[in-house]
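Below is one structure, written out as structure tokens, with a few remarks after it.
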Amino acid sequence: MQKITISDLGKYVGQEISLQGWLYNKRSGGKIKFLVLRDGTGYLQCVYFKGNVTEDIFETADRIGQETSIEVTGKVKAEPRAPGGYELDATGLKVISEAHDYPITPKDHGIEFLMDHRHLWLRSSRQVAILKIRHRIVKAIRDFFDGNGFTLMDAPILTPNAVEGTSTLFETPYFDLGKAYLTQSGQLYGEAGAMALGKIYTFGPTFRAEKSKTRRHLTEFWMIEPEVAFNDLNDNMDLAEEFLEYVVQTVLKEMEEELKVLERDTTKLKNVKKPLPRITYDEAVGILKKSGSQFEYGNDFGGGDETIISEQFDRPVMVHRYPAAVKAFYMKRDPGNENLALAVDVLAPEGYGEIIGGSQREDDLNKLLERIKEHNLPQEAFEWYLDLRRYGSVPHSGFGLGLERTVGWICGLEHVRETIPFPRMIYRNTP
RNA sequence: UCCGCGAUAGCUCAAUGGUGGAGCAUCCGGCUGUUAACCGGAGGGUUGCAGGUUCGAGUCCUGCUCGCGGAGCCA
């Protein structure tokens, strides 16, 4: 039997059809019942008149509670008053599994209650819209790289050492080898991949054990990290802006309905087109000083600083050439100023902060050895990484995009916890 | 780890130190066009936990637990 979904209803106007789904909401008059059906593709009001259906069906329509799984039968009618454009003149109603006392009613709830019921909260229209946009963003990301000659290369999740020290990583016992750590970045492995394949991207979960307690942080999140051989910092910024434009414009074009459900004002998203403004760290500090900030030259930007900087522009801004002291050991220094790293962060507008962090990597073996010593990192753990500089080293660059921050920004959400089906935060790992 | 705010019915919230209420949800009744439907009625409480002050504590004080927001760190 062919299954019909609510999203397909336009093809069946005037026909008698059956649909399976869940009871989303219910309203009634004395001799009329309105059952709102949801099936994951949309919402449909099914109208039961007392005279048109059996006594048994009318009683069932009256009795069943929110989220009862049902199969409805009836004639599809175009209905301008309906949000989806269609309505069902219902004749049949089959209960698949009856539900009562569903905890999430169509009224206000607090965040703790909703998070405790995250497995059910996912069914509500807002969450469905977010999950669909998240999926479309993921697909756009993969389409972009796949269509530009990149190879997807998965990096390991269990790793023997930290990229920048071990203090912020989750650790786990690992047989006779001592401890393993959950990855905080696939980048070093991505660099090995770029030397093999030229252009690669990794796409996987990453973990941070930092006790970060803000709207921008999760302990488990997804990151996309392209790495390209022979790309310098400027090439890297070219890639980042083309990539962001593609992702945002694709979502704007294809997810209009979902963005409307979220009541997202898309004015600023429409501006996300290349070229994106590029400013140096020094220029960014100038902006902060001019705004009256107490910011001290040489520090990394905090959340508030990022907001002040990004407010100066009508689209994401790329800030490059940070003080090397606040950046990772593997970043190449600016030949024009050894104190600066060839790093770039992309700051999203509207206070969403850093969504991309990247750099040109140090490709000189001896300089990299120096950095490892300076950072007190165990050289033996990085021997394989140093091999990449011993055998045919080339200039190369890449960046990491935080998926949840990107979803939060595009959807206009208050907090990244709504951007992932089951968020992991310092005080929550359930459901 | 630090700073700030909070915890009262299933949910969202009220309640001057003096008999703990409302809306929604649930149950009963009414309504043939509702769309967070509406109207009438009913049931529903160890006020987060443990102490203290007081004639009397949801309310004031102390400690704890949990949550929320922010800082630091970062995507």
Side-chain angles (χ1 to χ4, degrees), chain A residues 24-36 43-53 58 62-63 65-67 77 79-84 87 89 100-117 120-121 124-126 163-165 167-169 183-187 204-225 299-307 326-328 345-348 351-358 399-409 414-417 419-420 425-428:
Chain A
Y24 193 63
N25 199 1
K26 191 169 70 171
R27 294 173 284 271
S28 69
K31 289 171 182 152
I32 186 169
K33 304 282 175 204
F34 303 97
L35 304 193
V36 180
Y43 301 84
L44 177 69
Q45 178 162 274
C46 310
V47 186
Y48 290 83
F49 281 111
K50 194 164 190 172
N52 294 357
V53 297
F58 198 76
D62 185 54
R63 185 187 72 238
Q66 193 184 347
E67 290 302 315
K77 198 174 85 179
E79 170 58 69
R81 282 175 293 182
E87 200 174 71
D89 268 335
H100 287 283
D101 299 317
Y102 184 69
I104 304 179
T105 59
K107 290 282 174 184
D108 290 337
H109 298 282
I111 191 64
E112 185 182 2
F113 179 82
L114 289 170
M115 275 298 168
D116 284 343
H117 296 83
L120 301 177
W121 188 20
S124 58
S125 57
R126 237 183 104 76
V163 175
E164 301 156 49
S167 62
T168 62
L169 298 193
T183 184
Q184 66 169 359
S185 163
Q187 184 208 308
T206 48
F207 306 87
R208 303 282 165 90
E210 288 140 2
K211 287 201 165 184
S212 298
K213 198 168 158 26
T214 82
R215 69 184 64 192
R216 302 184 307 280
H217 288 87
L218 299 168
T219 56
E220 176 184 310
F221 64 99
W222 289 70
M223 195 150 68
I224 296 90
E225 296 176 284
N299 291 341
D300 207 346
F301 302 124
D305 303 320
E306 289 176 351
T307 302
V326 299
K327 289 294 184 182
D345 285 356
V346 179
L347 308 181
Y352 284 95
E354 183 186 344
I355 50 169
I356 280 180
F399 60 83
L401 172 92
L403 178 63
E404 285 73 19
R405 284 191 186 174
T406 305
V407 175
W409 165 47
E414 282 294 308
H415 199 300
V416 287
R417 65 188 158 210
T419 66
I420 187 167
M425 294 170 290
I426 50 177
Y427 294 124
R428 174 178 294 279

Subject >> 5'-most by nearest nucleotide on RNA chain B - A:A82 or A:V416 >> reply: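 Comparing both residues, the 5'-ward one is A:A82.
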Original post:
Where each residue is assigned the nucleotide of RNA chain B containing its nearest heavy atom, which of A:D101 and A:V47 is assigned the position nearer the 5′ end?
Top reply: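 Its nucleotide being nearer the 5' end, the pick is A:D101.
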Taking only side-chain nitrogens and oxygens of [X], does any of them come within less than 4.0 Å of OP1 or OP2 of [N]?
{"X": "A:R417", "N": "B:rG69", "value": "yes"}
{"X": "A:H117", "N": "B:rC11", "value": "no"}
{"X": "A:K211", "N": "B:rU1", "value": "yes"}

Of the listed nucleotides [options], the one nearest the side chain of [X]:
{"X": "A:R208", "options": "B:rA75, B:rG33, B:rC27", "result": "B:rA75"}
{"X": "A:K31", "options": "B:rC73, B:rU34, B:rU32", "result": "B:rU32"}
{"X": "A:F113", "options": "B:rU12, B:rA71, B:rG33", "result": "B:rU12"}

Subject >> Distance, nearest 0.5 Å, that separates CG of A:L120 from CD of A:E67 >> reply: 8.0 Å
Separation of the [atom1] atoms in [N] and [M], to the nearest angstrom:
{"N": "B:rG43", "M": "B:rA22", "atom1": "P", "value": "11 Å"}
{"N": "B:rA14", "M": "B:rC39", "atom1": "C1'", "value": "24 Å"}
{"N": "B:rA9", "M": "B:rG70", "atom1": "P", "value": "26 Å"}
{"N": "B:rA50", "M": "B:rA57", "atom1": "P", "value": "15 Å"}
{"N": "B:rC49", "M": "B:rG67", "atom1": "C1'", "value": "15 Å"}
{"N": "B:rU19", "M": "B:rG69", "atom1": "C1'", "value": "37 Å"}
{"N": "B:rC13", "M": "B:rC68", "atom1": "P", "value": "14 Å"}
{"N": "B:rU46", "M": "B:rU32", "atom1": "C1'", "value": "48 Å"}

Checking all strands, does [X] fall into the base, sugar-phosphate, or nothing category for heavy-atom contacts under 4.0 angstrom?
{"X": "A:E220", "result": "nothing"}
{"X": "A:L218", "result": "base"}
{"X": "A:G29", "result": "base"}
{"X": "A:Y427", "result": "sugar-phosphate"}
{"X": "A:K50", "result": "nothing"}
{"X": "A:R216", "result": "base"}
{"X": "A:D108", "result": "base"}
{"X": "A:N25", "result": "sugar-phosphate"}
{"X": "A:P106", "result": "base"}
{"X": "A:T206", "result": "nothing"}
{"X": "A:E354", "result": "sugar-phosphate"}

Can you check the [X] [atom1] to [N] [atom2] distance for me, whole Å?
{"X": "A:I104", "N": "B:rA25", "atom1": "CD1", "atom2": "C1'", "answer": "13 Å"}
{"X": "A:N52", "N": "B:rU32", "atom1": "CG", "atom2": "P", "answer": "14 Å"}
{"X": "A:K26", "N": "B:rA25", "atom1": "NZ", "atom2": "C1'", "answer": "12 Å"}
{"X": "A:W121", "N": "B:rC11", "atom1": "CH2", "atom2": "P", "answer": "16 Å"}
{"X": "A:Q184", "N": "B:rC73", "atom1": "CD", "atom2": "P", "answer": "15 Å"}
{"X": "A:R428", "N": "B:rC66", "atom1": "CZ", "atom2": "P", "answer": "13 Å"}
{"X": "A:E225", "N": "B:rC74", "atom1": "CD", "atom2": "C1'", "answer": "13 Å"}
{"X": "A:I111", "N": "B:rC5", "atom1": "CD1", "atom2": "P", "answer": "22 Å"}

**OP:** Give the C-alpha distance, both sets of side-chain angles, the deciding distance and a yes or no for salt bridge (charged side-chain N to carboxylate O under 4.0 Å, His left out) between A:D62 and A:K26.
**Re:** CA-CA 9 Å; A:D62 185 54; A:K26 191 169 70 171; 5.3 Å; no
Complement of [N], any strand, by Watson-Crick or G-U distances under 3.5 angstrom:
{"N": "B:rU59", "result": "none"}
{"N": "B:rU53", "result": "none"}
{"N": "B:rA71", "result": "B:rU1"}
{"N": "B:rA36", "result": "none"}
{"N": "B:rC27", "result": "B:rG41"}
{"N": "B:rA7", "result": "B:rU65"}
{"N": "B:rA22", "result": "B:rU12"}

Should the side chain of [X] and the base of [N] be counted as holding a donor-acceptor pair, with the cut-off at 3.5 Å?
{"X": "A:E112", "N": "B:rG6", "result": "no"}
{"X": "A:H217", "N": "B:rC74", "result": "yes"}
{"X": "A:S212", "N": "B:rC74", "result": "no"}

Subject >> Audit row: A:R208, A:E210, salt bridge (charged side-chain N to carboxylate O under 4.0 Å, His left out) steps and yes/no >> reply: CA-CA 5 Å; A:R208 303 282 165 90; A:E210 288 140 2; 5.0 Å; no
**OP:** Begin with the C-alpha distance, continue with both residues' side-chain angles, and end with the deciding distance and a verdict on side-chain contact (heavy atoms from CB on, under 4.5 Å) for A:S28 and A:Y48.
**Re:** CA-CA 9 Å; A:S28 69; A:Y48 290 83; over 6 Å; no
Subject >> Check: A:T307 side chain, A:G303 main-chain N or O, donor-acceptor pair, under 3.5 Å >> reply: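 Looks like yes, one N/O pair under 3.5 Å.
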Original post:
After noting the C-alpha distance and the side-chain angles of A:T406 and A:E404, does the key distance pass the side-chain contact (heavy atoms from CB on, under 4.5 Å) rule?
Top reply: CA-CA 5 Å; A:T406 305; A:E404 285 73 19; over 6 Å; no
Original post:
Are the ring of A:F221 and the base ring of B:rA75 both nearer than 5.5 Å at their centres and tilted by less than 30°?
Top reply: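 Taking the rule of under 5.5 Å and under 30°, the ring of A:F221 does stack on B:rA75.
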Original post:
Is any side-chain N of the basic residue among A:E414 and A:R215 closer than 4.0 Å to the acidic one's carboxylate O?
Top reply: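 Yes, charged N to carboxylate O under 4.0 Å.
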Original post:
Is any side-chain heavy atom of A:Y102 closer than 4.5 Å to a side-chain heavy atom of A:I104?
Top reply: yes
Original post:
Do the side-chain N and O atoms of A:T105 and A:Q66 include a donor-acceptor pair separated by under 3.5 angstrom?
Top reply: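 There is no such pair between these side chains.
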